[in-house]
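Counting from 1, the numbers follow the sequence of the chain as shown.
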Amino acid sequence: PKVGKSWLSLGLGLSIASGMPALGTVPVHDGPVLYLALEDTPRRLQSRMRKMLDGFAAPHGLTLATTCPPLPQGGDTAIARWLDRNPAARLVVIDVFAKMRGTPPPGLSAYDADYSAVTRVKRIADHYSIAIVLVHHVRKAGSDDFLQEVSGTNGLAGAADATLVLKRARGQADALLCVTGRDVEEAEHALTFEPSTGAWLLLDGPA
C-alpha cells in the first residue's frame, strides 16, 4: 500500500490517452483508455489529475469510473461494452483487482480460483487485442523471486501474460520496476517519483 501503484497506472493511462511519452521517455500508441479507480473518490481523482496535468486539459480519450460491478456480476460485460463503443481503445486499468474479481466458484482450490479470476480478464484482453492492467498488492514479506511477492497464489502470475512489481522503500523517491512475462524479456528498470507532479519517470542506466 501507498508505494505509488495508482500514480503509476493513472500516469500510464494519461500518457496513452494523450499520446504523450510514458514514464517521461517511452513512446506510446495513443488511443482511448478506461481507468477504473475503484479505491478512489471523484475528488481524489480530480486532485491527482490536476497535479499531473499541470494546467493542461484532460485528454478526451480518457474514461474514468470509480464504481464497477464484480466481473462475475456484469463487470466483464460492462468493460466489453465500453470496448465495443471505443474500437480504437489501447488500455483498460482495473485499480484494484480485488474489488472486481468477485467470489470464486465453490469447490475450487485457491490456485484455481486465482487462475480462473485472471483468465476471465485475459479472455477480454485477447478478444479485443487490448492491454488490461490489474493493479494488485504484494506480500509484506520480501522474496528473492519478485513473482513470489505477488499477494495470493502463483495462479495470478501464472494466468497473466506479464507481471510487473513496483518496489519502493518508505520515504524514498527512487524505485525498482521488475518485469517478466510471456512476450517480454525479464528486466529491472530504475524509476523515480516526482511528488510535485505525481509523475513516475524512467531513469537512464542499469537498475
Side-chain angles (χ1 to χ4, degrees), residues 3-36 61-63 71 75-76 79-80 82-84 86-98 100-101 111-139 143-168 175-191 200-207:
V3 75
K5 298 184 299 297
S6 293
W7 286 101
L8 178 61
S9 52
L10 180 58
L12 293 175
L14 284 169
S15 294
I16 293 170
S18 63
M20 300 297 289
L23 302 175
T25 58
V26 182
V28 303
H29 295 290
D30 65 304
V33 173
L34 173 62
Y35 188 90
L36 302 176
L62 180 66
T63 299
L71 294 164
D76 49 3
I79 293 172
W82 182 85
L83 291 169
D84 288 335
N86 296 272
R90 301 290 302 172
L91 176 69
V92 174
V93 177
I94 300 176
D95 184 9
V96 294
F97 181 47
M100 282 197 68
R101 64 174 295 171
Y111 177 94
D112 288 339
D114 283 347
Y115 195 95
S116 175
V118 175
T119 298
R120 190 173 194 120
V121 180
K122 181 169 159 50
R123 280 197 293 265
I124 304 172
D126 290 345
H127 179 76
Y128 288 94
S129 297
I130 188 171
I132 300 182
V133 173
L134 307 177
V135 180
H136 191 57
H137 294 291
V138 295
R139 309 176 197 272
S143 172
D144 292 337
D145 182 357
F146 69 87
L147 278 182
Q148 298 299 321
E149 297 184 31
V150 177
S151 182
T153 72
N154 291 334
L156 292 173
D161 283 330
T163 301
L164 299 85
V165 174
L166 180 65
K167 298 183 178 187
R168 179 170 68 135
L176 194 64
L177 185 67
C178 306
V179 183
T180 191
R182 297 187 179 98
D183 304 310
V184 295
E185 289 187 22
E186 188 164 307
E188 293 182 344
H189 302 284
L191 304 181
W200 279 103
L201 302 175
L202 184 66
L203 297 175
D204 291 332

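- Side-chain N/O atoms of Tyr128 and Asp84 include a donor and acceptor closer than 3.5 Å.
- The structure places CG of Leu191 at 6.5 Å from CG of Leu166, a figure rounded to the nearest 0.5 Å.
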Might you work through the side-chain contact (heavy atoms from CB on, under 4.5 Å) test for Thr63 and Tyr35, ending with a clear yes or no?
CA-CA 6 Å; Thr63 299; Tyr35 188 90; over 6 Å; no
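- The distance from the CG atom of Leu71 to the CD1 atom of Ile79 is 5.5 Å, given to the nearest 0.5 Å.
- Val135 is listed as a side-chain neighbour of Val93, based on a closest heavy-atom distance under 4.5 Å.
- Test Leu134, Asp76, Val121, Ile94 against Met100 for side-chain contact (heavy atoms from CB on, under 4.5 Å) and you get one pass: Ile94.
- Taking CG of Asp204 as the reference point, atom OG1 of Thr25 lies at 7.5 Å (rounded to 0.5 Å).
- With hydrogens and angles disregarded, a donor-acceptor distance shorter than 3.5 Å links the side chain of Trp200 to the backbone of Gly4.
- Under 4.0 Å is where a charged nitrogen must lie from a carboxylate oxygen, and between Lys122 and Asp161 at least one such pair does.
- With contacts defined as side-chain heavy-atom distances shorter than 4.5 Å, the pair Leu156/His136 qualifies.
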Run Val165 and Thr180 through side-chain contact (heavy atoms from CB on, under 4.5 Å) and show every step you take.
CA-CA 9 Å; Val165 174; Thr180 191; over 6 Å; no
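- Residue Ala159 comes nearest to Arg182 through the heavy atom pair O-NH1, 3.5 Å, listed as atom of the first residue, atom of the second, then distance.
- Interatomic distance, CG of Leu203 versus CG of Leu177, reported as 11.5 Å (0.5 Å rounding).
- A salt bridge links Asp114 with Arg101: at least one charged nitrogen is closer than 4.0 Å to a carboxylate oxygen.
- Of all heavy-atom pairs spanning Ala89 and Leu83, the tightest one is CB-CD2, 3.8 Å.
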Any chance you could lay out the side-chain contact (heavy atoms from CB on, under 4.5 Å) test for Asp30 and Ile16, step after step, and finish with the verdict?
CA-CA 5 Å; Asp30 65 304; Ile16 293 170; 5.5 Å; no
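- Side-chain contact between Glu188 and Val179 is absent, with no heavy atoms from C-beta onward closer than 4.5 Å.
- The existence of a salt bridge linking Lys5 and Asp95 is excluded, since no basic side-chain nitrogen approaches an acidic carboxylate oxygen closer than 4.0 Å.
- Shown here for Leu12 and Ala22, the closest heavy-atom pair between the two residues is CD2-CB, 3.9 Å.
- When atom types are taken as modelled, the side chain of Arg90 and the backbone of Gly13 share no donor-acceptor pair closer than 3.5 angstrom.
- With hydrogens and angles ignored, the 3.5 Å screen pairs no side-chain donor or acceptor of Ser116 with any backbone N or O of Asp112.
- With values rounded to the nearest 0.5 angstrom, Phe97 atom CZ is found 10.0 Å from Ile132 atom CD1.
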Would you sort out whether Leu34 and Leu91 count as a side-chain contact (heavy atoms from CB on, under 4.5 Å), showing the intermediate values?
CA-CA 6 Å; Leu34 173 62; Leu91 176 69; over 6 Å; no
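- The OG atom of Ser15 sits 8.0 Å away from atom CE of Met20, with the distance rounded to the nearest 0.5 Å.
- Put simply, the side chain of Arg168 gets close to the backbone of Val3: a donor and an acceptor are under 3.5 Å apart.
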